[in-house]
Amino acid sequence: MAVDIQKLAKTVDDAAVKATAIPQLSKKSRMTLKQAYRVQAASIDRRLERGEERSGMKMGFTSRAKMVQMGLSDMIWGRLTDGMLVEDGAVINLKDYVHPRVEPEIAYLLGAPLAGPTTPMAAMAAVEAVAPALEIIDSRYRAFKFNLQDVVADNASSSGYVIGPWCPPDMDLDNLGVVMEVNGRPATIGSSAAILGHPGRSLAAASRMAAEAGEILEAGWVVMAGGVTEAVALEKGVSVRNTVQGLGSVGFRVKG
Ligand code: OOG
Ligand code: MG
């Protein structure tokens, strides 16, 4: 059966806009991974048509903790728009989400474009700044359950990204302590090494995978390297903070 890319894109986009859970697309449509990325692209086009602007890319399943939590072991990626940016220190409202979770990440700001396969070292040379970050993921699928095609079509569950202070990329990023606190208590703890052994590898993978979809990573874009630890469900009234050793911290609150 032919896959109606536009129709599926509207389904995931509507679910995000209305903050309403939907059944997994894979229950009805047999998509290839390539088609799932086309659904994702078409759903992002709908955001761009509403006036949002493309602001970067996010990597997913770059750490074992994330793969184990979600039961999938292939790296995926999603597209970021400025509409997804949540300001450092902001207060979010649960009613804007289906069942949001938060995970600690590291973000890159690109000072130069990245195109195609590259090495982690060459990829890092394009980085203008690095920051502690948090990602708010919010699968549009019921019970946060999906297969690889589902999650790719749903823009890799991305919903919001929060960026802390940008720092010069002159320190070694390979083994920085990461502590995500909820209400001031450590909720998850890890090391940047959890991201493919070195978060620079995630950036190189981002460049390679974007090229497979005919895209280049633009100067000025943000690239999220992927969750260091498992994600934690957000609840009313909590405050969340991610502190990355040597980089500082970033946080937000959930309205009570
Ligand atoms: C998929 C998104 C994975 C990450 O950082 O690994 C991701 C999900 O867990 O819902 O964002
Ligand atoms: Mg993530």
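Computed from heavy atoms alone, side chains included, the values below leave out hydrogens, waters and symmetry copies. Both ligands and their constituent atoms are indexed starting at 1 by order of listing.
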Exercise for the section: Using a 4.5 Å cut-off on heavy atoms from C-beta on, say whether the side chain of Asp13 contacts that of Arg50. Expected result: yes
Exercise for the section: Establish whether Val240 and Val228 are linked, either directly or via other cluster members, by ILVMFWY side-chain heavy-atom contacts under 4.5 Å. Expected result: no
Handout entry: Validation row: Glu128, Pro169 side chains within 4.5 angstrom (heavy atoms)
Key = no
Problem - Rounded distance [0.5 Å steps], CD in Gln245 versus CG in Leu173 - result: 11.0 Å
Exercise for the section: Measuring from the Mg ion (ligand 2), count protein N/O/S atoms under 2.8 Å, please. Expected result: 3
Fill in the blank from the handout: Contacts for ligand 1, heavy atom under 4.0 Å, by chain and number, are Lys58, Met59, Gly60, Phe61, Lys66, Met70, Glu103, Glu105, Glu135, Ile137, Phe144, Phe146, Val151, Ala156, Ser157, Gly226, Gly227
Exercise for the section: Decide, yes or no, whether a salt bridge links Glu215 with Arg54 under the criterion of side-chain N to carboxylate O below 4.0 Å. Expected result: yes
Problem - Short side-chain donor-acceptor distance under 3.5 Å, Asn175 and Ser191 - result: yes
Exercise for the section: List the steps, then state whether salt bridge (charged side-chain N to carboxylate O under 4.0 Å, His left out) holds for Lys58 with Glu105. Expected result: CA-CA 10 Å; Lys58 64 158 275 186; Glu105 302 216 9; 5.7 Å; no
Practice task
Describe, in one word, how the ring planes of Tyr37 and Trp77 are oriented to each other, choosing from parallel (under 30°), tilted (30 to 60°) and perpendicular (over 60°).
Solution key: parallel
Exercise for the section: To the nearest 0.5 Å, tell me how far Leu203 CG sits from Ile106 CD1. Expected result: 12.0 Å
